[in-house]
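Remember, predicted model here, so these are calculated numbers, not experimental data. For the numbers below, each heavy atom of this structure counts, side chains included, while hydrogens, waters and symmetry mates do not.
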Amino acid sequence: MDQLNPLEKRAALSLAMVFSTRMLGLFMLLPVFALYGTELIGYSPLWIGLAIGAYGLTQAILQIPFGWLSDRIGRHKVMLLGLALFAVGSVVAALADSVYLVTLGRILQGAGAIAGAVLALAADLTRDEQRPKVMAIIGASIGLSFALAMIVGPLLAKWAGLGGVFWFTAILACCAMLIVAFLVPKSVSKAPAAETLAVPATLLNMLKHRQLLQLDIGVMLLHLMLTAMFVALPVLFSQYQLAADQHWQVYLPVLLGSFVLMVPMMIIAMRRQQEKGYFLLAIALLIVAMLLAFTATGLGWLIAALLLFFTGFNFLEASLPAMVSRVAPAGQRGSAMGIYSSSQFFGAFAGGVIGGLVAQKFSYAMVFAVLAGIGLIWLLIARTMRVPARAQRLSLAVQVASEQDANKLAGQLAALSGVQEVTILLTEQRCYLKVSSQQFDLAQARSLVGIGQP
């Protein structure tokens, strides 16, 4: 934080508050809905799963379009629109007496897909070299929201019921709107679009990119497993005589313990350059956790399974976006991250459907067996994954009149020491570089570009 200027600090903290208050509202339903949803008209395990995961469908569909819209009408307007939709969805769910209306409310909550606009605004307000820190602060706020939701959700539901949880999420949405209106800085410039937002022309290429596709499938399956697990987990806790308002007493130490176990994994993986090995180990932890939960004969075994699951989950949740950023071609990170985010939310939707369907047709315990099989499929896919080299991303303004001039400049830049990739976009008059920071000389690149300013 010391190297961030006042504007960047304000942007990081205010946008983290917007993101975290919204995600807190979404996450709070996970540990309570399978228990309190039984009181709703039309209850069934399948509809519980649909309601839990429904927000993911509209998030997946609207994530990229909302990002584009923010480029047309402004980041703040899109953020306020998205949060208003989230608030309306929360009110609909709070007033609902049937599982069908709750599902509709969740769909409306998901329609407020502001993640792309928030991250684009964060990019607009920060310098290239400080941008990763700001993104990391926002990312950390999501993890803290999840942990807080596991504690607040059960306690709030016990005190105010399921409707109270949704009223609280509506209040959180209104607070986030006030933060956007009064605390989030107004942007005076836009970061290079291709690195922050999806570009329609490159989306098909991203879907054909094998390494990116593997990572997109990975995050989809990761969030599928997370969402499906919470269709069954609260019910099994209750079957082991753990009262609903005591579930947080399991979630809190488990999340803290998993973080303590995950951090050494991250450090060792990076220092010893064994990222792929630990990536596969984390997936294996998910599989073992699901098998342990499936065969659990007591509460202790279920808690042990949860600890293993979140150790692997936290490692993968931190590793996957970093890998996507490294794999994405120069000048196409916005498109890569847009598809990645949509895959993540689609996984949440699919997890709710699969978890609810399996619980209804078979049993809650069988959900974990199915998830173990899904984890095994992911492990087989990930075995062929290649870990990308670490690289720094830069962008420089250029003046090129034709495609021939662009190709000539790209060739000159590619010949510089440490340059891994070069992309020049004529429409933006901007050059995007992926470079090795130890070998690359920025002064040389600026000299070639002539007018280049990052």
Side-chain angles (χ1 to χ4, degrees), residues 13-33 36-37 40 50-67 69-70 73-122 138 141-142 144-146 148-149 152-153 155-157 159-184 186 227 341 345 348-349 352:
L13 295 176
S14 60
L15 290 174
M17 289 167 64
V18 171
F19 225 119
S20 59
T21 51
R22 177 176 164 276
M23 296 310 293
L24 177 62
L26 286 171
F27 288 144
M28 278 197 303
L29 195 69
L30 287 178
V32 301
F33 194 65
Y36 292 89
L40 295 169
L50 280 168
I52 289 176
Y55 81 95
L57 182 61
T58 41
Q59 284 277 317
I61 293 170
L62 296 175
Q63 197 68 231
I64 292 175
F66 263 51
L69 185 62
S70 76
I73 68 172
R75 316 292 192 215
H76 281 69
K77 290 180 181 178
V78 166
M79 289 162 64
L80 290 171
L81 171 63
L83 290 167
L85 285 171
F86 183 77
V88 170
S90 301
V91 172
V92 169
L95 295 173
D97 60 357
S98 72
V99 72
Y100 316 117
L101 282 177
V102 169
T103 304
L104 175 62
R106 291 286 282 174
I107 289 171
L108 287 171
Q109 282 185 322
I114 63 170
V118 170
L119 296 178
L121 181 58
I138 295 172
S141 73
I142 299 173
L144 290 173
S145 297
F146 183 85
L148 187 59
V152 174
L155 293 174
L156 185 59
W159 175 64
L162 192 61
V165 174
F166 283 116
W167 281 119
F168 186 62
T169 63
I171 293 170
L172 287 175
C174 293
C175 290
M177 292 175 73
L178 292 174
I179 293 170
V180 172
F182 298 107
L183 294 181
V184 174
K186 301 292 189 296
T227 309
S341 296
F345 287 114
F349 168 70

**Message:** Just by distance, no angles: are the side chains of Thr169 and Ser90 close enough, under 3.5 Å, to form a donor-acceptor pair?
**Reply:** yes
**Request:** Say whether, by atom type as modelled, one donor and one acceptor occur between the side chain of Gln59 and the main chain of Ala111 under 3.5 angstrom.
**Result:** no
**Request:** Could you tell me the separation between the CZ atom of Phe166 and the CZ atom of Phe33, rounded to the nearest 0.5 Å?
**Result:** 6.0 Å
**Minimum heavy-atom distance between Phe86 and Ala173, given as atom pair plus value** = CD2-CB, 3.4 Å
**Item:** Nearest-0.5 Å distance that lies between atom CG in Leu119 and atom CG in Leu15
**Value:** 8.5 Å
**Prompt:** Taking atom CD1 of Ile107 and atom CG of Leu101, what is their separation to the nearest 0.5 Å?
**Reply:** 10.5 Å
**Item:** Beyond-backbone contact of Leu172 with Arg22, side-chain heavy atoms, under 4.5 angstrom
**Value:** no
**Message:** One pair to check against side chain to side chain contact (heavy atoms under 4.5 Å, CB included): Leu26 and Phe146. What are the steps and the verdict?
**Reply:** CA-CA 9 Å; Leu26 286 171; Phe146 183 85; over 6 Å; no
**Item:** Residues Leu144, Leu24; criterion side chain to side chain contact (heavy atoms under 4.5 Å, CB included); working and verdict
**Value:** CA-CA 9 Å; Leu144 290 173; Leu24 177 62; over 6 Å; no
**Message:** Does any part of the side chain of Leu183, heavy atoms only, come nearer than 4.5 Å to the side chain of Val18, both counted from C-beta?
**Reply:** no
**Prompt:** Looking at CG of Leu83 and CG of Leu178, how far apart are the two atoms once the value is rounded to the nearest 0.5 Å?
**Reply:** 10.0 Å
**Prompt:** Side-chain contact, heavy-atom cut-off 4.5 Å: Val32 with Leu156?
**Reply:** no
**Asked** Side chains of Tyr55 and Phe345: does their closest heavy-atom pair fall under 4.5 Å?
**Response** yes
**Message:** Between Val165 and Trp159, is there a side-chain heavy-atom distance shorter than 4.5 Å?
**Reply:** no
**Request:** Taking all heavy atoms of Ala113 and all of Phe66, pick out the closest pair and write down the distance.
**Result:** O-CB, 3.1 Å
**Request:** Determine whether Thr227 and Phe349 make a side-chain contact, defined as any pair of heavy atoms from C-beta on separated by less than 4.5 Å.
**Result:** no
**Asked** Got a second to check how far Met23's CE is from Ile142's CD1, nearest 0.5 Å?
**Response** 6.0 Å
**Asked** Does Ala117 offer a backbone N or O that forms a donor-acceptor pair with the side chain of Ser70 under 3.5 Å?
**Response** no
**Request:** Would you name the heavy atoms of Ile138 and Ala122 that are closest together and state the gap between them?
**Result:** CD1-CB, 3.9 Å
**Asked** So, does His76 use its side chain to make a donor-acceptor pair with the main chain of Val184 at under 3.5 Å?
**Response** yes
**Request:** Give, for atom CD1 of Ile52 and atom CZ of Arg106, the distance between the pair rounded to the nearest 0.5 Å.
**Result:** 7.5 Å
**Item:** For Gln63 against Ile114, the heavy-atom pair lying closest together
**Value:** OE1-C, 4.4 Å
**Message:** Do Phe27 and Leu148 have side chains that approach each other closer than 4.5 Å (heavy atoms only, starting at C-beta)?
**Reply:** no
**Item:** For Ala149 against Pro31, the heavy-atom pair lying closest together
**Value:** O-CG, 4.0 Å
